[in-house]
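Comments concern the structure below.
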Amino acid sequence: MKKWRHSGDATILTTDIMENNPFRKTDTYIHSPLFQLLLRFSALLLLYVLCRLIFYWCNTSYFPEVHISHFISGLRYDIAAITLLNIPYFLLLLLPFNFIAQKTAIKAGDFYFVIANSIGIMANLIDTCYYPFSLRRMTFDIFNFMGATNNMGELIPLFLQDYYYMIFIFLAFIFVLIAFCYFANKLNYNNFALKGKFRMVQIAIRLVVVAVLLIGARGGLQLRPITVAAAGGAGGVEYASLILNSPFSLINTIGEEQLDSKNFFSEEACEQNFSLKRFSFENQYFTPPQTDNIVVIILEGTSSEYSYFLADEPKSMAGFTPFLDSLAKQSITYRGMANGQHSIEAVSSILGGIPALMDKPFSQSRYATSYVSYALPLLKERGMSTHFYHGGLNGTMGFDRMSQLAGIEHYYGMNEYPTSKRDFDGSWGIPDVPYLNYVARQLDKIDGHFFATIFTLSSHHPFKVPAEYDNKLPKGDIAMQHAVAYEDEALRQFFETVSKTDWYQNTLFVITADHTTFDDAKDVDFQQHKYSIPMLFFHPQQKEVYHASEIMQQVDILPSIFGYCGFTGAFCSFGNNVFDDSTPRFSIAHQAGMFQMYIDHYLVDFDGNKILNIWDLNEQMPRSPLAPEKVPGIEEYETLIKSVIQQFHNGLINNKLHIK
């Protein structure tokens, strides 16, 4: 159809733009590679939902309280897995060239589509059968397991015999994929080619589709792409496998650290040397006061060397925590030790009882959704609600994921803070003074007894102190000292507020730190204090006050809380109850492939197989390593560190960190 438009003496022929508009008819949309992409994506999503329903149907006893939210949460992982598995095919459909409509390209695309998605579906169905044995979705180290299992040739036929019906279900899925390709190709897109003035519009649309696919592959627009650990945060570690799908779990763990099995001792001997099962929690020191609530405060980067009361001589870094010092004098204190050097490692150590003994943080590793018997669910059984407060951006360091994995019900980040735009510090989040005052008010609103974790923020690089406190607080030789003084002021105001509440008198406060930060400090004894952090128990009604020289590591916190309060229950932890003299006193950490154990007044360097060096920390710097044969009890030290490492490696590999 043509239209004539007159302009003066000129006659201009204009073509009706609707003539060549590729969006003119519904038929144009249907006979388009973009519609083919949408159609196939939707079909795969339905198949993945069906796989999850089959997984649930075959394993209902493991998911007693399933909710529709678990299936909805699983859609994120299905979308991510489908995108990652099919990205080559989807990109083929988005190419603006004629050859993609040719038979050869279509057949190649169909072949990839069927094979790739058959593998994904097969992984889901295998996990459906194998879940009762592994209690988690398969990860990429399954191939190491298969390679290390010499009798796989005998096991596979037995497995197929027991689950023969899965073969027919799998074949049915393949038939559906092939049939779908056949009928989908009826909607050919031979005339899709970009042409004319709409070329740029269609290219722009394709770029938008690519962006949407990237968002789908990372699981949304959140700070970090979703991981296997995030599934536990979405529905609890018990339901993580229902939320996940096996292709995503496999892809997400490619290239991640794979722990190797350790066999220093037999399984029985290792359990006798160092058991992870915590059943009884004695308090051999005092009768605990009534404790209805528990507050664990984690100070960002704060070494005990900044506290004049807690620091060792010559206290060259100390003097910046006057309030913490005053509180420590009324508390039970220990020689606190961190289990790692990063904030992300501290949450799994403190709340999960799992130390940082591999290069990758536990909460970001393939083992994050292992079936672990954590301690916090036992507090829920006692009627205590569980909360985690951190003034940083939601998702920072994966605190939300790990805390929820460990059993935290309610996570609060900067998104929940009411005046975040006004108070944001421009880098990490909400400064400690306004945030801790906010937390104090929030705790007072909780109905019933509670367990709360509060993670401070301001004593972190770039060590910003708000202008109104800049000249009011002491400044030391390094910026960190000024930031610690600000953090201490926030702590003082927090206690000033909560001390006026009804619940304060029956609350146990445990104050520690995530790791140490010495910034540009000089003359620090790093062998002695690389992991030195505050570790104190304060209860307004406690009569016992003492300052112990024994080591207490982060993983000891929850077992010791149970011991302090006289709680009962059973859970797994690499930590011990410090109020029970029958348990060992040590701390362990891992860095650059090396294990370091602090025990008595020694530092033991262990390379994963043997002791390399032993240092006497009572000696002055510079120290020389001791000959192992000159150290009394060296055999016990070596047995202990080997047992801990074996329990860590084999417990995660074989998913045995739970109590049946």
Side-chain angles (χ1 to χ4, degrees), residues 295 297-331 333-336 338 341 343 346 390-392 423-440 454-499 509-526 528-536 538 547:
V295 176
I297 301 175
I298 305 173
L299 304 175
E300 169 63 48
T302 305
S303 169
S304 53
E305 290 299 287
Y306 294 116
S307 162
Y308 196 85
F309 184 80
L310 299 174
D312 290 337
E313 296 293 344
K315 302 181 184 290
S316 58
M317 303 280 294
F320 296 88
T321 60
F323 177 76
L324 182 64
D325 291 352
S326 67
L327 207 62
K329 293 174 183 177
Q330 308 170 56
S331 305
T333 67
Y334 284 87
R335 180 184 163 198
Q341 275 293 299
S343 300
H390 180 245
D423 294 338
F424 180 54
D425 67 3
S427 55
W428 286 102
I430 310 302
D432 288 344
V433 167
Y435 193 73
L436 263 64
N437 277 310
Y438 156 79
V439 173
I454 306 169
F455 207 133
T456 68
L457 177 144
S458 296
S459 47
H460 192 294
H461 187 273
F463 312 115
K464 287 185 178 180
V465 174
E468 60 267 33
Y469 290 95
D470 190 44
N471 295 321
K472 295 180 180 179
L473 299 172
K475 298 179 180 180
D477 297 328
I478 59 174
M480 178 65 177
Q481 290 168 311
H482 192 37
V484 168
Y486 173 71
E487 175 188 64
D488 188 71
E489 172 61 18
L491 204 60
R492 184 193 67 80
Q493 293 188 28
F494 172 81
F495 272 89
E496 182 179 34
T497 300
V498 300
S499 64
F509 295 88
V510 180
I511 302 179
T512 186
D514 56 344
H515 57 81
T516 61
T517 300
F518 292 107
D519 196 18
D520 296 322
K522 300 177 180 179
D523 302 323
V524 176
D525 184 347
F526 283 103
Q528 177 84 274
H529 299 302
K530 180 166 65 173
Y531 300 101
S532 296
I533 57 174
M535 196 70 74
L536 61 91
F538 170 75
H547 314 295

* Calculate, to the nearest 0.5 Å, the distance between atoms CD1 and OG1 belonging to I298 and T512 respectively. => 7.5 Å
* Can you name the side chain to side chain donor-acceptor pair (under 3.5 Å) partners of H461, sequence neighbours left out? -> none
* Asked: Under 3.5 Å, is there a donor-acceptor pair between the side chain of S458 and the main chain of D432?
  -> yes
* Taking only residues at least two apart or on different chains, which pairs with a member in residues 470-494 satisfy ring-ring contact (aromatic ring centres under 6.0 Å, His included)? -> Y469-Y486
* Non-neighbouring partners of D514 that pass side chain to side chain donor-acceptor pair (under 3.5 Å), sequence neighbours left out -> S343
* Under 30°, 30 to 60°, or over 60°: which ring-plane class applies to F518 and F526, parallel, tilted or perpendicular? -> perpendicular
* Asked: Between CG of L324 and CZ of F309, what distance do you get to the nearest 0.5 Å?
  -> 10.0 Å
* Asked: At their closest point, which heavy atom of E487 faces which heavy atom of S459, and how far apart are they?
  -> OE2-OG, 3.0 Å
* Locate the shortest heavy-atom distance separating D423 from P434; write the atom from each residue and the value. => OD2-CB, 4.2 Å
* Results of side chain to side chain donor-acceptor pair (under 3.5 Å) for N437 - residues two or more places apart only -> Q493
Donor-acceptor pairs under 3.5 Å, side chain of residues 311-321 to any protein atom, not counting sequence neighbours: which ones?
from, atom 1, to, atom 2, distance (Å)
D312, OD2, H529, NE2, 3.4
K315, NZ, Y308, O, 2.8
K315, NZ, A311, O, 2.6
T321, OG1, D325, OD1, 3.1

* Asked: Just by modelled atom types, is the S326 backbone N or O under 3.5 Å from a matching donor or acceptor in the Q330 side chain?
  -> yes
* Do any N or O atoms from the side chain of S307 and from the backbone of E305 form a donor-acceptor pair under 3.5 angstrom? -> no
* To do: Please answer whether the main-chain N or O of F323 pairs with a side-chain N or O of D488 as donor and acceptor at a distance below 3.5 Å.
  => yes
* Structure fact -> In this structure, CD1 of I454 is separated from CG of L299 (nearest 0.5 Å) by 10.0 Å
* What residue pairs, at least two apart or across chains, pass salt bridge (Lys or Arg N to Asp or Glu O under 4.0 Å) with a residue in residues 463-474? -> D470-K475
* Structure fact -> Note: A513 and T302 closest approach over all heavy atoms is CB-O, 3.2 Å
* **Main-chain N/O of S532 paired with T516 side-chain donor or acceptor, under 3.5 Å** => no
